[in-house]
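Below: the structure, in structure tokens.
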Amino acid sequence: MRPFLYEKAADAAEAVHFFAQRAQAKYLGGGTNLVDLMRENIERPEIVIDVTGLSREIRDVDDGGLVIDAGTKNTTVASHRTVRERYPVLAQAILAGASAQIRNMATVGGNLMQRTRCYYFYDDAARCNKRERGKGCDAIEGFNRIHAILGASSHCVATHPSDMCVALAALDAIVYLEGPQGARHLRLVDLHRLPGDTPDIETELRAGELITAVEIPALPFAIRSTYRKVRDRSSYAFALVSVAAALDVDDKGNVRDVRLALGGVAHKPWRATAAEQALRGAPASEENFRRAAEAELKDAVGLAGNAFKIELAKRVIVNTLQKLAMESGAGS
Amino acid sequence: MSIIMDVMKTAVRLAPGSWLPGGTPDPLMNKHGLIGKPASRIDGPLKVQGKARFAAEVSLPGLVYASLLYSTIARGRIATLETAEAEAAPGVALVMTYRNAPRMAPPPLMMSAPKAAGASGLPIMQDAEIRWNGQPVALVLAQTQEQADHAVSLIRVTYAVAPAVTSFDAAKAKARTPENILGEPSSIEIGDAEKALKDAAFKVDLIYRTPRHNHNAIELHAATVAWNGDQLTVHDATQMVNGTAWTLAQVFGVKEEQVRVLSPYVGGGFGGKGLGDHQILAIAASRLSGRPVRILLSREGVYRVVGGRTTTEQRVALGAKPDGTLAALIHTGVAATPTRNVCPEQFSFPARHLYAANAIKVAQQVTDMDMLANIFMRAPGESVGTYALECAIDELAEAMQLDPIELRRRIEPEKDPTSGTPFSSRHLVEAYRHGAERFGWDRRDPTPRSRREGEWLIGMGCATATYPYYRMPGGAARIRLTADGRAIVQMASHEMGMGTATVQAQHAAERLGLEYEKVSFEYGDTSLPSGTLAGGSSQTASIAAAIIAVSEVLTKELLKLAGNDSPLAGLKPDEVEARDGGLCHVDEPGRFESYVSILKRAHRDELVCEAEAPQPFEMWKYSMHSYGAQFCEVRVNAVTGEIRVSRFLGSFDCGRILNAKTATSQFKGGIIMGLGLALSEETLFDERSGRIMNPSLAEYHVPVHMDVPAIEVIWTDIPDPHSPLGAHGIGEIGITGVGAAVANAVYNATGKRIRELPITLDKLL
Ligand SMILES: Cc1cc2nc3c(=O)[nH]c(=O)nc-3n(C[C@H](O)[C@H](O)[C@H](O)COP(=O)(O)OP(=O)(O)OC[C@H]3O[C@@H](n4cnc5c(N)ncnc54)[C@H](O)[C@@H]3O)c2cc1C
């Protein structure tokens, strides 16, 4: 680890101000990812700006949505009553991640911005285009069991590891930012980027921009939503494949609306728009679920170690939707 | 007649080595007192209070902290090495590289001398040569750990890369047969097994593969070291204090007596806490800097410099006759090893002793790879060897439409199948019977995929566990009997959390006829009488034998001291026994005198005796092994392939159990580690670079609590008449057979045979 400066910001403006003081600056949430990477000499900030002192509220908004401040701990979000009642998929996704100790430390902002778990990204003896653009990627022909099958490039096959983000993608969350040029907001699905030939640029955040909050719009049928995570052990492992889903089925057994997102498959939380489109208005049947899953994974590309994820993702989509359909009294 | 009776009686009471071949069993073997009691660990309260001081917690005045830089190539030479920036960094006391490291002899390779403890025998930071990816190339000492870690990151190294053998397939093509496998022949052939296989009515001929595993003890490898002139003190986390001291003496050119190694607490050993590069480098740096040094490996560091289990590829071929006995048993294969290494991963050992067959062939080969020397890891060889062998047995049973337990009953041998020696104690069939009953084996449907609950396919499997009985030669124990009637038993042995100190205190108290509270056991310090290593599940028997020997000497000395004014006057050692804090005549318990009284009358503060354990002759005369029957129930998700072990039972036959509580923990711990071996553990060794890519607990998957079901452990508790106390070591057997029990259960659940570990969900999709 390099020596670095530490500042604790009182509010967003101060945080943004501190950030501008040094060329290499980093916001610090719970530190469960950033500090690890600093120890590995992968992240080398000259200054870290602690933003855990900022407001950490969870507020109802008038139309039935919810705003969660970025400094809110993952545990707080998962155990929040409204979250559990209105957005069970979010509570489940958070609880499926990491360990209780890590969730107690981790913040919403940090969770959104956490970096990939690619082995070659973590080891500075390996080549990684994400760490050093143009160096090459050792994962493509190396260990890539945990890597991307959707939207990857010949430069990078890493995944975004967050569970929470997969639920937020399904829920169409909005991310609020504050930066040197003022405040703005983005759809969460537009926050993270696909790797292309610049895998080192992971998000649409501009220099110095701070995530201040996440808004989850009202989505009444999300009371019937769920998160299914498949991993290599029962707990404390990242997703090989995960599915966040909410399903709204009408009395005739047709899909009125559906939300579907995948984790563990891409450089970003993967909103399954093709599958959603295929399902809207169609009967909530196993056959249609399968068809939707096929549509979503049509362009999936497997590597030596991760090709199994293509079939796995399809199965988990079908299985998760079937369960939701069953719960709503419809479907197969 | 009466003379014969007398001789018999005294023979029974004879203490030292009386249980050796030709002698009679240890009288304590069947005595139900303290031995066997589920006493809680003596070190338990200290540990939960944080009062047990581990190697990395010893503080010394002027202490500096070490950090290591590891090579990033597998083979070649250091081309350039820039250390100036590190030397100038805050707090730095020393930067050591091959250029300034003191000249040191390579550590003598384990088994090249009685106390040799070297794992690889390679020179340590003596030249610019790189021999494995992860080899330490520089060490920094600084005032704080953080300063040392930072300074290490400022060192710039470039390499002249040389071609490296890092592919197992490439190395396998040039595999060679080592001179021996841990002292046993590399291959054994009885009859023509290949021909017998060809002609057999039923046969299986299969290849099994197992991956590398790394050590992940909670306590990271650490040492705090200091020189005082030519006197060296090492506070270490080790399973071999005496071996470490002797070997360090060779490396640094001092006398063994000048090296003191202390290791009172070890936070998990599992075979991985031996003498590695890290202690040697810390000691060298201490010598160079004149400062006491603490080295504490990072988790990554443990992966880079402490080996583990290595890759194996094994062939098991079994040919059976129509009556269900074996015509042929073949177990051969290759283990990935570096050139200079002592751990050939003895996967063929179980097949040498487990089952009767007309013709047997076992053979093991090793490779010459540029890799970190693999070292012992809980049941090295046996853990992965039983996976292959016991899966193959299951496959054969299926081919024969026989219950796999029935098949094992039919191939139960009368004597050791390869050595021909009698078994000292073998009750494997009973272990299966008890286990099957308790587990409900009769509820298993042999047809795969016949039990299902919703998405979950349910299956059961079983497998044999086995591990050799070892007792190491050369250990000695001392008893200090004090005037207040207490005994301190001393032997330079090891407590890595198994319960050694507790169990030996129970043993000594029973042996000396003292209350448990009046006996303490001191260990983990080379200033005590020399012990043996805590390895090969040998320590319990080795210490017990030494305590038996010294207590015999003590009895003699006490009788001498008691003299003519004692009620014991005139009695010979074999006419007395220890009881109620003193000695008495065996037939006239009234003729008694307490230790307190004997010492008081003799005006003695204490009586100190020391004796060495007799040579382990029992191992030459008998085929001595522990056994077990492992039972597993799994649930496999039909959609995702996820595997959950829902029930596990181990039924063991390991001689007499000395402490029901610590034994249960040992067995369970072994089984849990076996679940990791079966389902999730795998070191990702990138064959392009020879580099380990998952050196962390996040990406190297040991079982978490939710992966571990309720585990039941039962045992036969039948003493081995030919071992001290009738006991066998039990530290390693728990892991054996688990891989196969899980794999066989997975097959029963899904109809899929997985012949490569770990059994991950993608293999079941
Ligand atoms: C062993 C282990 C297992 C894990 N398993 C899982 C798992 O299964 N599933 C899962 O989803 N996660 C898992 N995690 C990851 C965990 O969820 C993240 O580490 C955590 O959410 C990060 O939050 P933090 O507040 O600690 O972030 P930090 O480490 O503080 O920061 C992470 C990044 O976010 C940036 N950042 C922080 N706050 C802001 C902000 N307000 N605005 C802009 N940028 C910001 C930081 O600069 C940094 O780049 C695991 C982590 C570990 C260590």
Side-chain angles (χ1 to χ4, degrees), chain A residues 1-4 32-33 36 38-41 44 98-100 102 117-127 138-139 141-146 161 228-238 240-243 302 305-320 322-323, chain B residues 70-73 89-90 133-134 145-147 149-150 152-154 298-300 304 454-455 637-645 675-676 679-689 691-709 758 760-765:
Chain A
M1 195 187 287
R2 305 285 167 126
F4 57 89
T32 60
N33 187 226
D36 266 13
M38 287 166 68
R39 287 211 182 97
E40 304 289 337
N41 277 312
R44 301 164 185 218
S99 65
I102 290 170
R117 310 304 289 202
C118 173
Y119 317 114
Y120 301 91
F121 170 71
Y122 253 82
D123 184 354
D124 65 359
R127 295 181 311 149
D138 274 338
E141 289 180 355
F143 291 110
N144 47 39
R145 177 180 163 74
I146 60 172
R228 174 74 163 100
K229 177 176 180 180
V230 180
R231 46 187 148 174
D232 274 330
R233 55 182 169 188
S234 312
S235 162
Y236 202 50
F238 291 91
L240 291 168
V241 163
S242 70
V243 170
N306 70 357
F308 74 94
K309 284 185 176 184
I310 300 174
E311 173 60 18
L312 181 64
K314 291 178 192 172
R315 289 190 188 189
V316 182
I317 292 172
V318 175
N319 186 257
T320 308
Q322 261 185 299
K323 281 185 183 155
Chain B
Y70 307 102
S71 81
T72 54
I73 64 156
N133 196 325
Q145 187 67 57
E146 291 74 16
Q147 288 173 330
D149 292 345
H150 170 56
V152 152
S153 75
L154 301 174
S298 63
R299 187 61 66 184
E300 179 194 350
R304 301 274 175 246
E455 288 175 9
N637 189 292
V639 178
T640 60
E642 290 159 292
I643 306 161
R644 302 285 179 258
V645 175
L675 295 179
L679 296 175
S680 58
E681 285 189 50
E682 179 172 17
T683 301
L684 301 179
F685 179 87
D686 192 322
E687 293 210 333
R688 297 169 300 175
S689 58
R691 192 160 177 87
I692 291 172
M693 294 311 303
N694 59 339
S696 83
L697 285 169
E699 304 300 342
Y700 181 98
H701 292 156
V702 299
V704 297
H705 283 293
M706 277 171 69
D707 293 315
V708 181
T760 46
L761 59 90
D762 47 310
K763 294 175 183 160
L764 294 171
L765 279 183

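Values reported hereafter were calculated over all heavy atoms of this structure, with side chains retained and with hydrogens, waters and symmetry mates removed. Chain identifiers are assigned alphabetically (A, B, ...) following the order of the sequence lines, protein sequences preceding nucleic acid strands; residue numbering begins at 1 within each chain. What you see is a predicted model; the values in this text were computed from it and never measured.
- With rounding to the nearest 0.5 Å, the separation of CG in B:Leu761 from CG in A:Leu312 is 6.0 Å.
- Contact tally against chain A (heavy-atom pairs below 4.5 Å) for B:Glu146, B:Glu699, B:His705, B:Arg688: the top residue is B:Arg688.
- Neither the backbone nor the side chain of B:Asn133 comes within contact range of chain A; no heavy atom of the residue lies under 4.5 Å from a heavy atom of that chain.
- Looking at B:Val702, the atoms closer than 4.5 Å to chain A (heavy atoms on both sides) sit in the backbone and in the side chain alike.
- Residue B:Glu642 is tested with A:Arg228, A:Arg315, A:Arg231 for a salt bridge (Lys or Arg N to Asp or Glu O under 4.0 Å); the sole match is A:Arg228.
- Checked by atom type, the side-chain pair B:Asp707/A:Ser234 shows a donor-acceptor distance below 3.5 Å.
- For chain B, the option among A:Val318, A:Asn41, A:Asp36 with the highest count of heavy-atom pairs below 4.5 Å is A:Asn41.
- B:Thr72 is linked by a side-chain contact (heavy atoms from CB on, under 4.5 Å) to A:Ala125, B:Tyr159, B:Arg691, counting only residues two or more places apart in sequence or in another chain.
- B:Glu687 does not touch chain A: none of its heavy atoms, backbone or side chain, sits under 4.5 Å away.
- Expressed to the nearest 0.5 Å, how far CD1 of A:Ile146 lies from CG of B:Asn694 amounts to 9.5 Å.
- With sequence neighbours left out, A:Pro161 forms a side-chain contact (heavy atoms from CB on, under 4.5 Å) with A:Gln114, A:Arg117, A:Phe238.
- Within the model, atoms CG of B:Leu684 and CZ of A:Phe143 stand 4.5 Å from one another, a figure rounded to the nearest 0.5 Å.
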Intermediate values then yes/no, salt bridge (Lys or Arg N to Asp or Glu O under 4.0 Å), A:Lys323 and B:Glu455: CA-CA 11 Å; A:Lys323 281 185 183 155; B:Glu455 288 175 9; 2.9 Å; yes
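- For B:Leu154, the part sitting under 4.5 Å from any heavy atom of chain A is the side chain, from C-beta outward, and nothing else.
- Of the listed residues A:Lys309, A:Glu40, A:Arg145, A:Glu311, the one with more heavy-atom pairs under 4.5 angstrom with chain B than any other is A:Arg145.
- Between B:Leu697 and A:Tyr236, the shortest heavy-atom contact is O-CE2, 4.3 Å.
- Note that OG1 of B:Thr760 and CG of A:Asp232 are 6.0 Å apart. Values are rounded to the nearest 0.5 Å.
- Residues A:Tyr120 and B:Asp686 have side chains that bring a donor and an acceptor to within less than 3.5 angstrom of each other.
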